[in-house]
There are 2 protein chains.
Amino acid sequence: MPTTELTATITDAEWRVMRIVWTLGQADSHTIIDLLVRQHDWKPATIKTLIGRLVKKGALGTTKDGRQYIYHPLVAEQAAMDTALTTELSQMCAMCRGKSFVHAIDETELSQDDIQTLISHLQKKLTTAPTAVSCDCLPADYEGSC
Amino acid sequence: MPTTELTATITDAEWRVMRIVWTLGQADSHTIIDLLVRQHDWKPATIKTLIGRLVKKGALGTTKDGRQYIYHPLVAEQAAMDTALTTELSQMCAMCRGKSFVHAIDETELSQDDIQTLISHLQKKLTTAPTAVSCDCLPADYEGSC
DNA sequence: ACCTATCGTTTACAGTTGTAAACTCAGTTT
DNA sequence: AAACTGAGTTTACAACTGTAAACGATAGGT
């Protein structure tokens, strides 16, 4: 059960590797390489490098299995996704985040259950929501701060 | 009115510069540097570099004003945010995106208006939503594909 | 007309990322 | 036992990023 808190970030290319291992639960390098060679134009050597980096940064753990390793995630997928998304959002203007959510939700396929969960969370949130969220792009004390 | 479609991406550090210019509408380098030196521990030279890179990659435009330049955005803030967010999402497992939205929305301060817009978009979306969204982390033809 | 304060440009440099070949070592095959 | 094969490790290398100093030109003051 992966729950480690990661210091280093998982890069875009590494993310592809993690998705394989997350989905399979665990996998040997042959499996990972085989699947990724089919999805991308990557050479096996490239994937080996990515696996190595993920092990080094603590995102993947290993178990010896005879001559080779079985890799398994040391971070939970949902947690990694949540962190990535909120990190991305945190660097954007607070005032504009709502509109970006609208755009993202319009563009994303969501299940009925997810939509219902979102609606109920939003309805609850509405009861304590501010009338407006102000822009936080300038220092608080700036004269014309939005 | 900025509407250019950007090929290059805006990096994290550059994003800070853009937010200043987006918010002010336009600004000379003195203003940008002044504000960012206060927000971060950056040296003026660092900010000059970032401005230069943003101009080169077409995110900022310039107008000569005597000896100096006035910088203005060539890309719209909301569009840049929307792109950044959907790009981030597109690299994550389709099945898990809904849960990440829930988490992100829980963590983000939203205005009443934004929440209401989100709810109404979601309600509309619900009418055509699938029962479930399946994992897209493995090649479609993979034996145990989720 | 000369000096100086700027503003923008050039150069710098280490760390990260994408991409991949080369190498090493331990089992497996003949 | 010698050769081979495949897994993991090392090395490579260019582009991109974060961070910043140095430099060159030019508008303004004296």
Side-chain angles (χ1 to χ4, degrees), chain A residues 6-21 24 26-72 74 80 84 87-88 91, chain B residues 6-21 26-72 74 80 84 87-88 90-91:
Chain A
L6 210 51
T7 52
T9 49
I10 295 170
T11 71
D12 288 1
E14 288 164 1
W15 200 268
R16 306 303 307 198
V17 177
M18 290 305 294
R19 285 178 65 180
I20 299 289
V21 186
L24 297 179
Q26 60 170 53
D28 58 24
S29 67
H30 174 268
T31 306
I32 299 172
I33 289 171
D34 197 47
L35 289 172
L36 285 174
V37 163
R38 285 202 279 164
Q39 288 183 358
H40 306 282
D41 296 323
W42 290 345
K43 302 283 173 294
T46 303
I47 302 162
K48 287 186 189 181
T49 300
L50 295 172
I51 293 174
R53 287 179 184 169
L54 284 166
V55 171
K56 181 180 302 177
K57 65 173 65 167
L60 287 180
T62 59
T63 321
K64 198 91 188 176
D65 171 44
R67 69 222 151 278
Q68 63 177 40
Y69 286 139
I70 305 288
Y71 299 95
H72 56 92
L74 290 179
T87 300
E88 184 76 26
Q91 107 182 310
Chain B
L6 212 49
T7 53
T9 48
I10 295 169
T11 71
D12 288 1
E14 288 164 1
W15 200 268
R16 306 302 309 196
V17 176
M18 290 305 293
R19 285 178 66 180
I20 299 289
V21 186
Q26 60 170 55
D28 57 26
S29 67
H30 174 267
T31 306
I32 299 172
I33 289 172
D34 197 47
L35 290 172
L36 285 174
V37 163
R38 285 201 278 164
Q39 287 184 357
H40 307 279
D41 295 324
W42 291 345
K43 301 284 175 296
T46 302
I47 303 162
K48 287 186 191 182
T49 300
L50 295 173
I51 293 174
R53 287 180 184 168
L54 285 166
V55 171
K56 182 182 301 179
K57 66 174 64 167
L60 288 180
T62 58
T63 321
K64 200 91 188 178
D65 171 46
R67 69 220 150 278
Q68 63 177 39
Y69 286 139
I70 306 289
Y71 299 95
H72 57 91
L74 290 179
T87 299
E88 184 77 26
S90 70
Q91 107 181 311

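Convention: sequence-line order gives letters A, B, ...; per-chain numbering from 1.
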Between [X] and [N], is there a contact of a side-chain N or O with OP1 or OP2 at under 4.0 Å?
X       : N      : result
A:Trp42 : C:dA20 : no
B:Thr11 : D:dG18 : yes
A:Thr46 : C:dA20 : yes
B:Ser29 : C:dG8  : yes

Handout entry: B:His30, NE2 atom: more than 12 neighbouring heavy atoms under 6.0 Å
Key = no
Practice task
Looking at every strand, decide which applies to A:Lys48 at a 4.0 Å heavy-atom threshold: base, sugar-phosphate, or nothing.
Solution key: base
Practice task
Quick one: label B:Asp28 by what it contacts on the DNA or RNA (base, sugar-phosphate, nothing), any heavy atom closer than 4.0 Å.
Solution key: nothing
Practice task
Find out whether A:Leu60 and A:Met18 are in side-chain contact, i.e. whether some heavy atom of one side chain is under 4.5 Å from a heavy atom of the other.
Solution key: yes
Problem - Nearest to side-chain heavy atoms of B:Lys43, which nucleotide of C:dT17, D:dG28, D:dA21 - result: D:dA21
Roughly, in whole Å, what's the span from [atom1] in [X] to [atom2] in [N]?
X       : N      : atom1 : atom2 : answer
A:Lys57 : C:dG15 : NZ    : P     : 16 Å
B:Gln39 : D:dT19 : CD    : P     : 14 Å
A:Tyr69 : D:dG6  : OH    : C1'   : 15 Å
A:His30 : D:dT5  : NE2   : C1'   : 13 Å
B:Lys56 : D:dT17 : NZ    : C1'   : 13 Å
A:Gln68 : D:dT5  : CD    : C1'   : 13 Å
B:Asp12 : D:dG18 : CG    : C1'   : 10 Å
A:Ile51 : D:dT10 : CD1   : P     : 15 Å

Completion exercise
By nearest-heavy-atom nucleotide on DNA chain C, the more 5' of B:Tyr71 and A:Ile47 is B:Tyr71
Exercise for the section: Answer yes or no: side-chain N or O of B:Arg53 and base N or O of D:dG18 forming a donor-acceptor pair under 3.5 Å. Expected result: yes
Exercise for the section: Measure distances between side-chain N and O atoms of A:Thr49 and base N and O atoms of C:dA20, and say whether any donor-acceptor pair falls under 3.5 Å. Expected result: yes
Completion exercise
When A:Ile32, A:Thr49, A:Thr11 are each screened for side chain to side chain contact (heavy atoms under 4.5 Å, CB included) with A:Val17, the one that passes is A:Ile32
Practice task
Would you confirm whether A:Trp42, through its side chain, and A:Leu36, through its main-chain N or O, come within 3.5 Å as a donor-acceptor pair?
Solution key: no
Problem - Check: A:Asp28/A:Thr31 side-chain N/O donor and acceptor closer than 3.5 Å - result: yes
